[in-house]
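See structure below.
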Amino acid sequence: MPPDDSYTSPPHTSQPPRPASGITRAADLYRALGVPARAADALAPQDCAEFPLKAPRAWVARIRPGDAADPLLRQVLPVAAESAQTPGFGADAVGDLAAGAGNGILHKYRHRVLLMVTGACAIHCRYCFRRHFPYRGHTLAGRLDAAVDYIAARPDIDEVILSGGDPLTLANRKLFDLCERLEAVAHVARIRIHTRLPVADPARINAEWLAWSRRRPKPYLMVLHINHPAELDCDAGRAVAAMRHWTLLNQAVLLKGVNDDADTLVRLSRRCFEVGVLPYYLHLLDRVRGAAHFEVDEAAARRLMREVAARLPGYLVPKLARETAGAAAKDLIAY
Ligand SMILES: *Cc1c(COP(=O)(O)O)cnc(C)c1O
Ligand code: SF4
């Protein structure tokens with residue numbers, strides 16, 4: 001993904017720019033995990049230039065050294081299977097390019113709009129449905145006024161979703177400004193932030209962010225992205241729990257070799273609840289090029305959901321969903 005305006009800030013900001021604190025080369029990741037070079041070669045013959053490795057140190061610290069099957073490692077490590085061409089797996093899996101008005105806004109569904117605040121993320125998830133997305137020219141960067149005008153001119157929009165990329169890669173001051181402008185639109189009743197950062201890099205939930213988040217005049221929701229209970233270690237759990245004054249939801253992606261077993265999904269829901277998060281969606285993989293090896297087929301997903309639903313209270317069972325280009329809402333899958 002292009003660097004965009006990640007972790008940078010205007011000169012007046014109260015928060016200093018964050019250093020690039022993550023690992024961005026496979027060799028460094030292997031070294032950090034003590035993987036021998038030969039075993040490493042078999043996994044990833046080369047760094048992936050198109051969608052490079054990116055993993056914050058806090059994330060890497062949760063990977064079990066020496067375990068090639070570690071679910072957190074699998075989510076960030078480029079592997080040879082990514083270069084496989086699989087029919088049906090394309091560059092724009094969910095029709096975002098068609099839905100975009102070209103102004104950083106995705107207005108696919110009624111009453112809510114999604115703002116592509118930035119193309120940057122703190123972590124690069126190998127299965128990401130936007131791994132090929134041409135963010136440059138499609139984000140909100142430089143078009144904030146136009147986006148606010150678009151929303152202000154449409155009274156039926158009652159919810160604004162900040163997404164990306166990851167909105168929390170923005171410096172606090174920038175994000176505060178954006179949110180405060182949206183709050184000022186009378187018909188905007190709720191603001192939602194889709195982010196993986198509290199889990200990927202818990203230190204991002206800093207004191208300034210927390211203080212601001214407690215003072216909001218309108219309801220906010222934070223929709224996290226957590227796929228495996230091991231992502232919510234003590235630090236991440238604390239960062240998430242510190243946001244309990246907002247409505248906290250989780251969307252996960254069903255990923256082969258990461259969370260495609262009922263035990264893991266049950267533990268994920270329970271662990272989320274411990275830190276104040278309710279499950280929202282469990283997404284079937286979007287069929288994006290390079291991610292085919294993560295796919296769990298629909299029949300297997302339904303079987304899993306039946307077992308999960310049999311073991312959890314209803315409020316801890318996520319909705320099994322699939323994104324269908326052109327549909328009026330996420331497609332919910334019965335099981
Ligand atoms: C997923 C999505 C939303 C939000 O859908 P909900 O079902 O309300 O979570 C909104 N806009 C776009 C473009 C989306 O992809
Ligand atoms: S954090 Fe979200 S947008 Fe960023 S790479 Fe991961 S799945 Fe994609």
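Quick note: residue numbers are just sequence positions, from 1. In what follows, every heavy atom counts, from backbone to side chain, and hydrogens, waters and symmetry copies are set aside. Both ligands and their constituent atoms are indexed starting at 1 by order of listing.
Residue-ligand proximity, R196 to ligand 2, at heavy-atom distances under 4.0 Å covers atoms 1 (S). Atoms of ligand 2 lying under 4.0 Å from at least one heavy atom of C125, given by number and element, are 1 (S), 5 (S), 6 (Fe), 7 (S).
A distance below 6.0 Å separates the ring centres of H107 and Y150.
Residue C128 counts as close to atom 8 (Fe) of ligand 2, with an N, O or S atom under 2.8 Å. Taking 2.8 Å as the threshold, C121 counts as a candidate ligand of atom 4 (Fe) of ligand 2, since one of its N, O or S atoms lies below it.
In this structure, I123 has a heavy atom closer than 4.0 Å to ligand 2. The shortest heavy-atom distance from H225 to ligand 2 is under 4.0 Å.
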N/O pairs closer than 3.5 Å, ligand 1 and protein:
unit_1, atom_1, unit_2, atom_2, d
ligand 1, 7 (O), R112, NH2, 3.4
ligand 1, 7 (O), Y281, OH, 2.6
ligand 1, 8 (O), R112, NE, 2.6
ligand 1, 8 (O), R112, NH2, 3.2
ligand 1, 8 (O), R192, NH2, 2.8
ligand 1, 9 (O), R192, NH1, 2.9
ligand 1, 9 (O), R192, NH2, 3.4
ligand 1, 9 (O), Y280, OH, 2.7
ligand 1, 15 (O), K330, NZ, 3.0

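Under the 4.0 Å criterion applied to side-chain N and carboxylate O atoms, D263 and R311 are assigned as salt-bridge partners. Using a cutoff of 4.0 Å between basic side-chain nitrogens and carboxylate oxygens, K174 and D177 are not scored as salt-bridged.
Within the 3.5 Å criterion, the main-chain N or O of V253 finds a donor-acceptor partner in the side chain of N259. A donor-acceptor pair under 3.5 Å is formed between the side chain of K54 and the backbone N or O of C121.
For H194, there are no ring-ring contact (aromatic ring centres under 6.0 Å, His included) partners, not counting sequence neighbours.
Note on V160 and L170: same hydrophobic cluster, where clusters join Ile, Leu, Val, Met, Phe, Trp and Tyr whose side-chain heavy atoms are under 4.5 Å apart, directly or indirectly.
Closest heavy-atom contact between L316 and F273: CD2-CB, 3.8 Å.
Checking each of L29, V60, V258 against L73 for a side-chain contact (heavy atoms from CB on, under 4.5 Å) leaves exactly one that passes, namely L29.
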